[in-house]
Amino acid sequence: MIFSRIVGCGGYLPKKILTNNDLSQNLDTSHDWIVGRSGIHQRHIAADGELTSDLGLAAAKEALQNSGISPKEIDLLILATSTPDNTFPATATKIQSKLGMGSGLAFDVQAVCAGFICALSVANNFIRSGQSKTALIIGAETYSRILDWNDRSTCVLFGDGAGALILRSEEVISDKNELGILSTCMHSDGDFYNALYVDGGVSTTQTAGYLRMQGKEVFKHAVEKLTAAANEALGIASMGIEQVDWLVPHQANRRIMDATSKKLGLDINKLIVTVDKHANTSSASIPLALSVAVGDGRICSGDLVVLEAIGGGLVWGAGVVRW
Ligand code: UT7
């Protein structure tokens with residue numbers, strides 16, 4: 001049988017750091033409120049002219065370097081983003097060209113903060129069906145461009161960044177004790193379309209619009225749906241929570257992450273947290289957190305890692321991987 005093995009990851013953060021104290025200079029907010037409600041201390045902001053494709057390209061280059069894979073070997077590039085460079089073509093094709101892939105297929109997926117899990121799931125299915133041998137999955141976002149900087153209930157929560165992962169097809173005898181993607185699951189419920197959305201768009205206003213969120217509503221769904229998705233993905237992989245080495249959740253809010261860990265019965269020391277330094281980078285948050293925890297030696301080969309995310313749609317999902 002064919003298995004998707006993870007062979008490298010990378011991340012990129014724009015240079016400019018915006019602290020909570022910086023924000024409180026021009027906005028009726030405070031460091032204490034932001035940390036207390038979300039765990040966020042700072043976020044990175046893309047420079048003028050620095051595009052989502054630039055962030056994604058930098059993360060992809062680091063993942064390629066860490067895996068020792070040449071861009072020419074990549075036959076599938078999936079970019080998860082809800083802040084593309086242009087309405088079309090897919091920003092993934094710009095990254096394909098800048099990387100010098102030469103051939104293969106590149107396209108974007110749009111599942112907001114759950115975009116990376118969605119891209120991982122699609123790439124895994126491409127590999128397992130034999131359609132792709134080496135896949136590059138990127139999450140890259142410039143949310144600073146769709147934030148209403150006068151809306152304190154949303155603008156303090158998000159940041160810019162990118163992360164990338166490379167998957168490779170491997171022939172294995174069985175899926176027992178193999179390294180790679182053991183399971184994924186994805187769900188959506190469009191009845192909550194207005195819980196987290198952007199108030200503009202091509203077909204509606206012909207503007208990019210600004211992010212709007214019913215924070216309490218999303219919070220309520222997040223803990224319940226993330227716990228269910230993680231348990232579902234563990235069940236598909238025939239694994240129990242006691243076997244999990246690391247939980248790498250979408251980094252939206254420290255309170256959601258703590259509550260989900262508790263509900264899952266997971267030791268809080270197994271939770272990877274980057275929301276304090278990166279804020280919510282939407283589809284980039286999981287691969288960025290992975291690149292941090294692999295880089296500092298916490299996530300090691302053979303570790304069982306659970307990934308989970310929820311975002312606008314609502315769309316949510318989880319994945320179980322043996323690193
Ligand atoms: O990535 C997609 C997933 N997104 C999420 O997971 C976000 C989920 N939601 C949340 O994380 C939380 O709901 C928030 C962090 C957004 C807000 O926390 P909350 O405990 O739900 O606060 P709240 O919205 O009920 O606001 C409480 C108070 C309000 O004042 P009043 O009405 O009680 O007087 C707000 O006006 O806090 C006020 N407030 C602020 N105060 C200072 C809202 N934003 C701020 C702010 N600084 N930045």
Side-chain angles (χ1 to χ4, degrees), residues 18-43 80-83 110-118 139-144 146-161 163 186-190 192-198 210-230 247-261 263 271 273-276 278-289 307-318:
L18 189 67
T19 65
N20 294 343
N21 285 331
D22 292 337
L23 277 170
S24 66
Q25 304 299 309
N26 301 311
L27 198 65
D28 182 15
T29 189
S30 66
H31 176 73
D32 289 348
W33 191 95
I34 301 170
V35 173
R37 297 295 169 123
S38 70
I40 296 166
H41 289 240
Q42 61 172 53
R43 70 285 296 142
T81 190
S82 33
T83 46
Q110 221 288 40
V112 201
C113 297
F116 189 77
I117 301 281
C118 195
E141 304 282 9
T142 46
Y143 264 49
S144 60
I146 54 162
L147 294 174
D148 176 351
W149 289 100
N150 295 310
D151 176 7
R152 66 178 184 171
S153 69
T154 54
C155 75
V156 303
L157 302 172
F158 295 88
D160 300 336
M186 289 293 307
H187 301 277
S188 67
D189 188 344
F192 301 104
Y193 193 90
N194 292 326
L196 173 51
Y197 71 106
V198 169
Y210 293 112
L211 184 150
R212 306 291 176 206
M213 177 166 69
Q214 295 167 30
K216 271 202 193 310
E217 176 83 352
V218 177
F219 195 109
K220 196 180 71 196
H221 287 286
V223 177
E224 172 209 319
K225 289 181 165 55
L226 289 172
T227 307
L247 174 64
V248 184
H250 167 49
Q251 308 281 319
N253 184 321
R254 180 68 205 246
R255 284 157 61 215
I256 294 175
M257 293 155 69
D258 288 348
T260 308
S261 302
K263 232 175 159 196
L271 180 66
V273 179
T274 53
V275 72
D276 53 335
H278 303 169
N280 182 345
T281 57
S282 191
S283 69
S285 87
I286 288 178
L288 252 176
L307 316 171
E308 54 169 36
I310 186 165
L314 294 173
V315 177
W316 66 98

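Just so you know, ligand 1 is whichever comes first in the structure, and atom 1 is the first atom listed for that ligand.
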Pocket residues of ligand 1, ordered first by chain and then by residue number (heavy-atom cut-off under 4.0 Å) | D28, T29, W33, R37, C113, R152, S153, V156, L157, L196, M213, G215, K216, V218, F219, H250, A252, N253, R255, I256, N280, I310
For R254, the option from L271, D276, I40, V35 that meets side-chain contact (heavy atoms from CB on, under 4.5 Å) = L271
How are the rings of H31 and H41 set relative to one another: parallel (under 30°), tilted (30 to 60°) or perpendicular (over 60°)?
-> perpendicular
Are the side chain of [X] and the backbone of [Y] linked by a donor-acceptor contact shorter than 3.5 Å?
{"X": "T260", "Y": "T227", "value": "no"}
{"X": "Q251", "Y": "H278", "value": "no"}
{"X": "W149", "Y": "S144", "value": "yes"}

Under 4.5 Å between any side-chain heavy atoms of N20 and R43, yes or no?
-> yes
